[in-house]
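Below is one structure, written out as structure tokens, with a few remarks after it.
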Number of protein chains: 2
Amino acid sequence: MVISIIGVGLLGGSFALSLREKYPNIKFVGVDNSSVNQKIALAKGIVDDIVSLEEALAISELNVLATPVDAITGLMPHLLDIIPAGRTLMDLGSTKELICKIADAHPKREQFVAVHPMAGTENSGPGAAFKELLTYKNVIICDKEKSHPDSLGLVETFLFDVGMKIHYMKPVEHDLHLAYVSHLSHISSFALGLTVLDKEQDEKAIFDMASTGFSSTVRLAKSSPQMWAPIFDQNKINVSKALGDYIELLKKFKDAIDKEDLKTSLNFMSRANDIGRVLAGIEKK
Amino acid sequence: MVISIIGVGLLGGSFALSLREKYPNIKFVGVDNSSVNQKIALAKGIVDDIVSLEEALAISELNVLATPVDAITGLMPHLLDIIPAGRTLMDLGSTKELICKIADAHPKREQFVAVHPMAGTENSGPGAAFKELLTYKNVIICDKEKSHPDSLGLVETFLFDVGMKIHYMKPVEHDLHLAYVSHLSHISSFALGLTVLDKEQDEKAIFDMASTGFSSTVRLAKSSPQMWAPIFDQNKINVSKALGDYIELLKKFKDAIDKEDLKTSLNFMSRANDIGRVLAGIEKK
């Protein structure tokens, strides 16, 4: 069997590394328009060969589309046009509504499986890939009933094999929730990093005064702009709403601080503390 | 020698645990108005005895004031009133301007050393204390020239012994920088946690969809409201300004998303990426 990784970055690369360990006899081929990524993917043993997009589709049982989401929506019609019968295309994109809409419009929709693994780091590219990235993480499959059972089964098997826990969801629902639990936290982190950099012209002040708390909160500000700008764009209605909610809450908190209203500040933080329980996965009281 | 820890929580407890390892012959006494904290501090070997505030001041060479900042400002005049000559009082508070102003107004100012260790976790209380918390972290001493050389020397020695890197700063400067590199990141995290909790009535959605990125960004939302409300209040002018800057930036980013202005989004994130270089410097230490 041959599997192609289209876009050998952090996510596609980590998926390949993890699968290779379970399936030493599968051949992996990579497609990437960056010659640096090609070289690193080969050197790191993520893929055995670099091929063209057309060759990848011609020889692969499963094609894993792991590019930024703007390239996913751009490439998908062409990929479905040329995919041979009985073969499968899956994506790993962080948005699902537009991607699924484009797939829905294609006569070969059932050869496509819409996938989003809830895993990533602030780093990007094949150099950052590692085989444990997906282990024990959640993964969402959208519109599973629109995929052919064979394509769905193949994808589910591989996701299970790399140690992921599979959930099923509608694309609209996916994009709404993701705006809050993922996209918003990236924006809050980018904005925090930039606010501090704009203020602290003297970096030494940041070095000397920032604690591990700051570095954890601002970690996502290191994320790839080329990956995130199209995600925010494709999910702009939900992201804008989430960001609006966040800004409103910040304004209320600022107002409480300005008015020395400690009761409101305390209430605000006590309610936020509940996220600890949620994060720990404790049952609702 | 006897050292008193007034407020045996995360920070005071960790400082004591670390010092005990270096100085097995120093006796540590604790003062805390929570009987639970008293029991845990004794059980964990943070202190040898629990005593009253007055007794602590009567017997200790060094008194470490490690309560929330509202209790620091409340207690300090009394503590300086009763401290015997030649003995030292240091605080570990996260704000410095008001604390130093209160100290300045006292005739025994030179027996006080104003200290802020850049260390903490989202947890609180003596149960969360651990001896490595302060190791390799930065610590700021404010207005060192106002402390008696003997008091300053004693405090510097102990801070050095627990592995901290000492910096010197004016209180005004300290509070301004801290608003950006620490206080703001706590507010952004509290607000993020609350925005998501308000939206996601069904916690399962958060469990299933949140990735490690979310949990890192929202980690500080678990912090103690009783500790942070008085910090924001004592540093309200700087915190309000920092929060205002942050809100302005978020609005600009929302505007770029609403207008599908990818160029501005990309530029915003690329500039924020520079925090990676700064963080590498922090994490290297």
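Chain naming here is simple, since letters A, B, ... match the order of the sequence lines and numbering starts at 1 in each.
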Report summary line: Per-residue tally against chain A (heavy atom, under 4.5 Å) across B:L266, B:D245, B:V239 peaks at B:L266

**Report entry** Heavy-atom pair count under 4.5 Å with chain B, highest-scoring of A:A191, A:G193, A:S189, A:S182
**Finding:** A:A191

**Report entry** Close contacts, residues 124-143 of chain A versus chain B, judged by heavy atoms under 4.5 Å
**Finding:** A:K137, A:N138, A:I140

Query raised in the report: When heavy-atom pairs shorter than 4.5 Å are enumerated against chain B, which of A:G213, A:P230, A:A179 gives the highest number?
Result: A:G213

Query raised in the report: Any side-chain heavy atom of A:T195 sitting closer than 4.5 Å to one from B:L184?
Result: yes

Requested in this report: Quick one: which of A:K165, A:R271, A:E173 has the most heavy-atom pairs under 4.5 Å with chain B, could you say?
Outcome: A:R271

Query raised in the report: Does any heavy atom of chain A fall under 4.5 Å from the side chain of B:A242, the backbone, both, or neither of them?
Result: backbone

Report summary line: Cut-off 4.5 Å, heavy atoms of chain A, and the answer for B:V218 is both

Requested in this report: Could I get the full list of side chain to side chain contact (heavy atoms under 4.5 Å, CB included) partners for B:S185, not counting sequence neighbours?
Outcome: A:L192, A:F214, A:T217, B:L220

Query - Minimum side-chain heavy-atom gap B:L250-A:L250 below 4.5 Å - result: yes

Query - Proximal component of B:I257, with respect to chain A [non-hydrogen, under 4.5 Å] - result: both

Query raised in the report: Which atoms of B:D198 come close to chain A, meaning under 4.5 Å heavy atom to heavy atom: side chain ones, backbone ones, both, or neither?
Result: side chain

Query raised in the report: Do other residues, nucleotides or ligands put more than 12 heavy atoms under 6.0 Å from the NZ atom of B:K259?
Result: no

Query - Residue among B:M169, B:K222, B:K252, B:E248 with most heavy-atom pairs under 4.5 Å to chain A - result: B:K222

Report task. Kindly compute the distance separating CG (B:L249) from CD1 (A:I187), expressed to the nearest 0.5 Å. Result -> 11.5 Å

Report summary line: Taking every heavy atom of A:L194 against every heavy atom of B:A272, the minimum-distance pair comes out as CD1-N, 3.9 Å

Requested in this report: Applying side chain to side chain donor-acceptor pair (under 3.5 Å), name anything that partners B:D258, two or more places apart in sequence or on another chain.
Outcome: A:S240, B:K254

Query - Heavy atoms of other groups near B:F160 CZ, more than 12 under 6.0 Å - result: no

Report summary line: Rounded to the nearest 0.5 Å, the NZ atom of B:K251 sits from the NZ atom of A:K251 at a distance of 4.5 Å

Report summary line: The interface call for B:E260 against chain A, heavy-atom contacts under 4.5 Å, is both

Report task. Can you tell which part of A:T121 gets under 4.5 Å to a heavy atom of chain B, answering side chain, backbone, both or neither? Result -> neither

Query raised in the report: Is it the backbone or the side chain of B:Q226 that comes under 4.5 Å from a heavy atom of chain A, or both, or neither?
Result: both

Report summary line: Checked B:A221, B:S224, B:A229, B:S265 vs chain A; the most non-hydrogen pairs under 4.5 Å come from B:A221

Query - Interface residue of largest heavy-atom contact number with chain A, from B:L197, B:V196, B:L262, under 4.5 Å - result: B:L197

Report task. State which residues pass ring-ring contact (aromatic ring centres under 6.0 Å, His included) with B:Y246; sequence neighbours excluded, sorted by chain then number. Result -> none

Report summary line: Most contact-rich option vs chain B, by heavy-atom pairs under 4.5 angstrom, among A:S188, A:G120, A:A119, is A:S188

Requested in this report: Can you measure from NE2 (A:H177) to CD (B:E200) and round to the nearest 0.5 angstrom?
Outcome: 5.0 Å

Query raised in the report: Under a 4.5 Å heavy-atom cut-off, does chain A meet the side chain of B:H116, its backbone, both or neither?
Result: neither

Report task. Drop me the distance from A:R219's CZ to B:R219's CZ, to the nearest 0.5 angstrom. Result -> 10.0 Å

Requested in this report: Determine the option with the most heavy-atom pairs under 4.5 angstrom with chain B, choosing from A:H186, A:H174, A:K199, A:M118.
Outcome: A:K199

